[in-house]
Peer 1: 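One structure follows; several queries about it will come next.
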Amino acid sequence: MVPASVGFQCPACVREGQAAVRPVRRGSGLRAAGRRWGVVTLGLIAANVAMFLVTALSALTVGRSPLDNSASPVFDALSQWPFGVILFGEWWRVLTAAFLHIGPVHLAMNMLALLLFGSELERRLGAWRYLSLYLVSALGGAAAIQLLGDPRVPVAGASAAIYGLLGALGVLMVARREDLRGLLTLLLINVFISFLPGISLLGHLGGLVAGALAAGILVVTRRRGSVQIPALAALGVLLLVVALTVPTLTVLGL
């Protein structure tokens with residue numbers, strides 16, 4: 001007999017009990033990461049990293065360092081250049097620019113923020129609402145740059161979409177009466193940083209407003225789930241129309 005949790009058991013009974021227990025199946029690393037951080041968040045990070053590698057390789061083709069990826073032909077063709085959108089009809093720039101970054105530090109900082117805040121919002125909203133909010137935020141930044149920015153200066157980065165995530169998180173926290181002090185402090189620090197040279201304040205503020213507005217729509221329609229995605233899509237289309245059809249005020253001389 002051998003000691004058991006209750007009394008004693010014979011060795012044969014112990015062997016039979018162990019044989020009846022099914023081994024625990026552990027998920028793959030990718031599945032575990034998807035459950036922890038969110039499939040959409042990881043997919044967005046992968047897309048941004050992939051585009052950085054493409055632009056780095058493109059820089060090599062013209063004799064530049066891969067770290068100087070913004071000097072590559074691919075980056076030139078995909079960054080948000082307002083004149084290119086207005087004068088040459090290169091509409092894709094307002095979307096593709098959100099997946100480009102200028103150097104590895106820019107990429108790393110944005111992807112870290114996306115991992116932290118994106119995964120939190122994906123858990124709260126679900127994959128499709130979260131993805132819709134992310135794209136709307138990116139379009140909000142693009143629309144602000146097209147409308148108010150310098151049409152001669154190319155802009156790139158996921159920062160507008162990430163600021164949109166911060167704005168959306170703030171709206172959701174207000175709706176749930178959560179403590180906002182930490183988030184507000186972070187926002188103030190980041191807005192202050194946005195005034196530094198080489199950083200697109202307009203893109204950040206446009207993304208922030210668009211993300212907050214998108215989250216407001218989700219809060220108002222939370223009991224009518226079937227209209228949430230169409231409502232966000234309509235907001236995204238409106239921002240896209242503004243970005244593609246409204247001339248920048250700088251061009252108009254205003």
Side-chain angles (χ1 to χ4, degrees), residues 44 47-59 61-62 64 68-103 106-107 110 114 131-165 167-168 191 194-214 231-254:
L44 289 170
N48 280 277
V49 172
M51 287 306 303
F52 179 82
L53 294 177
V54 168
T55 56
L57 292 175
S58 177
T61 65
V62 292
R64 303 297 293 265
D68 193 16
N69 66 306
S70 59
S72 71
V74 171
F75 193 97
D76 276 346
L78 300 181
S79 59
Q80 187 179 353
W81 178 40
F83 263 154
V85 177
I86 298 166
L87 301 180
F88 304 112
E90 297 170 345
W91 56 268
W92 60 86
R93 290 179 179 273
V94 300
L95 295 171
T96 54
F99 294 90
L100 299 178
H101 290 84
I102 304 172
H106 187 204
L107 173 70
N110 276 347
L114 177 55
L131 179 60
S132 300
L133 185 146
Y134 184 91
L135 295 176
V136 165
S137 300
L139 287 173
I145 291 168
Q146 286 296 130
L147 183 61
L148 301 170
D150 187 338
R152 300 165 297 178
V153 179
V155 180
S159 303
I162 293 170
Y163 269 75
L165 299 185
V191 170
S194 299
F195 284 94
L196 296 177
I199 299 179
S200 176
L201 175 63
L202 284 173
H204 291 178
L205 294 180
L208 179 68
V209 172
L213 182 58
L232 291 182
L235 177 58
V237 170
L238 176 62
L239 292 171
L240 184 60
V241 169
V242 170
L244 296 180
T245 62
V246 178
T248 177
L249 296 181
T250 305
V251 172
L252 296 176
L254 300 177

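We count residues from 1, following the sequence as given.
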Peer 1: Suppose we screen for side chain to side chain contact (heavy atoms under 4.5 Å, CB included). Which residues come up paired with Thr96, at least two apart in sequence or across chains?
Peer 2: Leu78, Trp92
Peer 1: What are the two closest non-hydrogen atoms of Ala71 and Val62, and how far apart are they?
Peer 2: O-CG2, 4.1 Å
Peer 1: Just wondering, do Trp91 and Leu240 contact through their side chains at under 4.5 Å, heavy atoms?
Peer 2: no
Peer 1: Kindly indicate whether the side chain of Leu165, heavy atoms from C-beta on, has any atom under 4.5 Å from the side chain of Leu114.
Peer 2: yes
Peer 1: Rounded to the nearest 0.5 Å, what separates atom CD1 in Ile145 from atom CG in Asp150?
Peer 2: 11.5 Å
Peer 1: Strictly distance-based, threshold 3.5 Å: is any side-chain N or O of Asn69 a donor or acceptor partner for the main-chain N or O of His101?
Peer 2: yes
Peer 1: Restricting to non-hydrogen atoms, name the atom on Ala158 and the atom on Tyr134 that form the minimum distance, rounded to 0.1 Å.
Peer 2: CB-OH, 3.7 Å
Peer 1: Which atoms form the tightest heavy-atom contact between Ser137 and Gly211, and what is the distance?
Peer 2: OG-CA, 3.3 Å
Peer 1: Which residues satisfy the side-chain hydrogen bond (donor to acceptor under 3.5 Å, both in side chains) test with Asn48, sequence neighbours excluded?
Peer 2: none
Peer 1: Residues in side chain to side chain contact (heavy atoms under 4.5 Å, CB included) with Ala243, at least two apart?
Peer 2: Val94, Ala143, Gln146
Peer 1: Checking Ser132 now: which residues fulfil side chain to side chain contact (heavy atoms under 4.5 Å, CB included) with it, not counting sequence neighbours?
Peer 2: Ile229, Leu232
Peer 1: In Å, rounded to the nearest 0.5 Å, how long is the span from OG of Ser200 to CG of Leu205?
Peer 2: 8.5 Å
Peer 1: Holding to side chain to side chain contact (heavy atoms under 4.5 Å, CB included), I want the full list of residues that pass it with Val209, two or more places apart in sequence or in another chain.
Peer 2: none
Peer 1: Please collect all salt bridge (Lys or Arg N to Asp or Glu O under 4.0 Å) contacts where either partner lies in residues 72-90, sequence neighbours excluded, each pair once.
Peer 2: Glu90-Arg93
Peer 1: List the atom of Ser58, the atom of Ser72, and the distance in Å for their closest heavy-atom pair.
Peer 2: OG-CB, 3.4 Å
Peer 1: Only counting residues at least two apart or in another chain, list the ones meeting side-chain hydrogen bond (donor to acceptor under 3.5 Å, both in side chains) with Ser194.
Peer 2: Tyr163, His204
Peer 1: Please report the interatomic distance CG(Leu131) to CG(Leu44), rounded to the nearest 0.5 Å.
Peer 2: 6.0 Å
Peer 1: Quick one: CG on Asp68 to OG1 on Thr55, what's the gap to the nearest 0.5 Å?
Peer 2: 10.0 Å
Peer 1: Check Ala156 against Ser79 and note the closest heavy-atom contact, atom names and distance.
Peer 2: CB-CB, 4.4 Å
Peer 1: Which pairs pass salt bridge (Lys or Arg N to Asp or Glu O under 4.0 Å) with one or both residues in residues 195-212, sequence neighbours excluded?
Peer 2: none
Peer 1: Considering all heavy atoms of both residues, which atom of Val136 and which atom of Leu239 are nearest to each other, and what is their separation?
Peer 2: O-CD1, 3.5 Å
